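Okay, so here's the structure we're looking at.
All chains are named by letter (A, B, ...) in the order of the sequence lines, taking the proteins before the strands, and each is independently numbered beginning at 1. Just so it is clear, the model here is predicted, and its values are computed rather than measured.
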There are 2 protein chains.
Amino acid sequence: MGLTKSEIFTDTQNQIASLAKVIGHPARVAIIQHLLKLNSCICGDLVDEIGLAQPTISQHLKELKNIGLIEGNIEGTSVCYCINPNKFDEVKKMFIEFFGQKSCIKDGCC
Amino acid sequence: MGLTKSEIFTDTQNQIASLAKVIGHPARVAIIQHLLKLNSCICGDLVDEIGLAQPTISQHLKELKNIGLIEGNIEGTSVCYCINPNKFDEVKKMFIEFFGQKSCIKDGCC
DNA sequence: TATATTCATCGTAATATTGCAATATATAAA
DNA sequence: TTTATATATTGCAATATTACGATGAATATA
């Protein structure tokens with residue numbers, strides 16, 4: 001059906017999945033990496049940096065904005081994007097907590 | 001088009017995205033959490049535990065197997081699944097490295 | 001004001017994902 | 001061998017995602 005049954009899962013499970021889903025595209029990974037590297041923010045040379053059309057990049061930026069991971073600031077005709085440090089730390093913590101659990105002890109079936 | 005242009009991204013970017021994409025569904029998050037909680041492995045009571053039909057769970061398990069995050073072991077008519085600790089640690093490290101970078105210093109445009 | 005530049009939005013085609021019923025497969029038990 | 005049980009696979013419908021051309025909105029410059 002293409003429609004995820006979010007109702008049957010916990011808030012935490014849905015949150016982790018939503019965040020992971022947004023990171024689950026190489027263009028968005030590339031955008032995050034680029035914004036992290038150039039500490040001061042970056043505008044639409046992301047379009048040149050990454051090899052996708054401008055509307056496509058704009059769409060990916062929108063998804064990153066939707067979960068609050070990045071922010072945009074209008075500067076003349078261009079828009080300057082950067083990481084939202086608070087949200088970034090929050091997401092980081094969420095993943096560390098998810099993965100931080102001890103991994104399966106070898107006393108099971110495999 | 002619905003088709004990701006993987007060619008234009010680095011291996012690392014594609015890897016991170018692929019892993020995140022698999023985690024980007026609450027059912028798969030729930031499966032991982034459940035397998036982590038019950039240290040010894042678990043079979044298809046995942047179907048009862050999570051509220052999705054058996055073929056759907058089977059499909060999600062397949063995706064988790066594909067990236068090597070879980071393993072299945074046939075035990076009679078049932079199959080016992082568990083986390084692959086090595087792969088789990090590898091994935092953990094990859095995410096920590098990705099998020100581990102210092103977050104954007106507040107000297108940019110936003 | 002007219003034009004150029006930058007970015008967002010809309011519309012759309014191609015493909016992917018989600019979920020399930022039906023069915024196949026494999027093993028255990030009778 | 002037959003039947004029951006557990007899981008995988010297939011096929012399909014509904015929806016989501018990806019990518020881009022065309023266009024719109026906003027600001028800067030001539």
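Both Lys21(B) and Thr56(B) sit near DNA chain D, but only Thr56(B) has its closest nucleotide nearer the 5' end. Both Ile74(A) and Ala27(A) lie near DNA chain D, and the one whose nearest nucleotide falls closer to the 5' end is Ala27(A).
OP1 or OP2 of dA8(C) sits under 4.0 Å from a side-chain N or O of Ser58(A). Taking only side-chain nitrogens and oxygens, Lys5(A) comes nearer than 4.0 Å to OP1 or OP2 of dC20(C). OP1 or OP2 of dA8(C) sits under 4.0 Å from a side-chain N or O of Tyr81(A). Contact between the side-chain N/O atoms of His60(A) and the OP1/OP2 oxygens of dT17(D) is not found at any separation under 4.0 Å.
A side-chain donor-acceptor contact under 3.5 Å links Asn14(A) to the backbone of Ser6(A).
For Gln54(B) against dA8(D), a side-chain-to-base donor-acceptor contact under 3.5 Å is present.
Between the side chains of Thr12(B) and Gln15(B), no donor-acceptor pair is found at a separation under 3.5 Å.
Taking atom CD1 of residue Ile50(A) and atom P of nucleotide dC7(C), one finds them 13 Å apart after rounding to whole Å. The interatomic distance linking Ile57(B) (CD1) with dA21(C) (P) rounds to 13 Å, in whole Å. Rounded to a whole Å, the CD1 atom of Ile31(B) is 13 Å from the P atom of dT7(D). Between Gln59(B) atom CD and dT17(C) atom C1' the separation is 8 Å, expressed in whole Å.
Looking at the side chain of Thr77(B), the nearest of the listed nucleotides dT27(C), dC7(C), dC20(D) is dT27(C). Checking dT18(D), dC20(C), dC7(C) against every side-chain atom of Pro55(B), the shortest atom distance belongs to dC20(C). Across dC7(C), dT18(D), dT7(D), the shortest atom-to-atom separation from the side chain of Val79(A) is found for dC7(C). With dA8(D), dC20(C), dA16(C) as the choices, the nucleotide that has an atom nearest any side-chain atom of Ala53(B) turns out to be dC20(C).
Each of Asp89(B), Val91(B), Ile83(B) was compared with Lys87(B) under the side chain to side chain contact (heavy atoms under 4.5 Å, CB included) criterion, and only Val91(B) meets it.
For CD1 of Ile74(B), the number of neighbouring non-hydrogen atoms (other residues, nucleotides, ligands) closer than 6.0 Å is 12 at most.
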